Amino acid sequence: MSKFVLIICFLATALSVPARAAETLYQQLGAKPGITRIVDNALTLYFTDPRLHDDFDNINRDWLAPRFVAFICHVTDGPCIYKGRPMAAAHKGLHINQARFNAVVEDLQIAMNQAGIPFRMQNRLLARLAPMERDIVTR
Amino acid sequence: MSPGNARTARRAAILLTPVLPLAAMGVPGATVQQINRAFDVASVRIGRGEAVHFSNNDEFDHEVYVDSPDFNYESEEQSPGQTIAVTFTSAGTFQVKCHIHPKMHLRVEVVDPSR
């Protein structure tokens, strides 16, 4: 009986692995509701982080939030179409330095922790965003 | 100045007139600069049917709008360096705001020229 249970468990695990592996990062982050939660957490941190005061002062959170969600959805292979400008164009003139970029990343990690995103998934998202640093940091 | 020189000066003035800035020529409407996430003036006064020209002198986008029962307007994302003209077709007082930067406010008073 115990052998039978072990076999069933093994088969169930084996069969579930390919399905899990086929999931996009978008799905692994919880699809639209999960990404919306991450973005909401992140924006709360950005708008209250003194290191980012000059960047987010006089910015409309309600305007930014859906664009941020669409962007994360897009870079994680979700079904969204990001209609905003490319990162370099969107951040040109904001004079973002390395310290402020790092603050944004730190807050995003906290936001993902708050949303219960596993560490491995967090790293996968950060890996997708990392190459954009050269377009965003201009100072 | 001799009569000949005066004539020449008058002709020069006539020839130069078309290249003067529109504001100097008394062209109706108003021009407002968008700079440092703000409008450069708090209010303007124009005639009905005239336009306010919004000139984006920031290094990032703006997106102006007017939301009022008498007049509505929504711009696209306005790129750095881009100027857009908003023609006010109703008389009254309107608040122009920016979707991206909520502290930007401009009061536009539109008067009816026939009154």
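Side chains are part of it too, since the values below use all heavy atoms of this structure and drop only hydrogens, waters and symmetry mates. If you're wondering where the values come from, they're calculated on a predicted model, not measured in any experiment. Labels below follow one simple rule: chain letters A, B, ... track the order of the sequence lines, proteins then strands, and each chain is numbered from 1.
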Report task. Please examine the side chains of A:V104 and A:D55, heavy atoms only from C-beta on, and report whether any two atoms are closer than 4.5 Å. Result -> no
Query raised in the report: Among residues 31-49 of chain B, which ones touch chain A with a heavy-atom distance under 4.5 Å?
Result: B:R37
Query raised in the report: What residues of residues 60-81 of chain A sit under 4.5 Å from chain B when only non-hydrogen atoms are counted?
Result: A:N60, A:W63, A:R67
Query raised in the report: Do the side chain of B:N56 and the main chain of B:Q82 share a donor and acceptor less than 3.5 angstrom apart?
Result: no
Report task. Measure the shortest side-chain to side-chain distance between A:R139 and A:I96 over non-hydrogen atoms and say whether it is less than 4.5 angstrom. Result -> no
Report summary line: Heavy-atom closest pair (A:D49 atom, A:A103 atom, distance to 0.1 Å) is OD2-CB, 4.3 Å
Requested in this report: Quick one: closest heavy-atom pair of A:M121 and A:L25, and the distance?
Outcome: O-CD1, 4.2 Å
Query raised in the report: For the residue pair A:H95 and A:T138, what are the closest heavy atoms and their distance?
Result: CA-OG1, 3.6 Å
Query raised in the report: Do any pairs count as a salt bridge (Lys or Arg N to Asp or Glu O under 4.0 Å) and have a residue in residues 79-105 of chain B, sequence neighbours left out, and if so which ones?
Result: A:D57-B:K103
Query raised in the report: Hey, is A:R85 close enough to B:D61 for a salt bridge, meaning N to O under 4.0 Å?
Result: yes
Query raised in the report: Does B:F88 have any ring-ring contact (aromatic ring centres under 6.0 Å, His included) partners at least two apart in sequence or in another chain, and if so, which?
Result: B:F71, B:F94
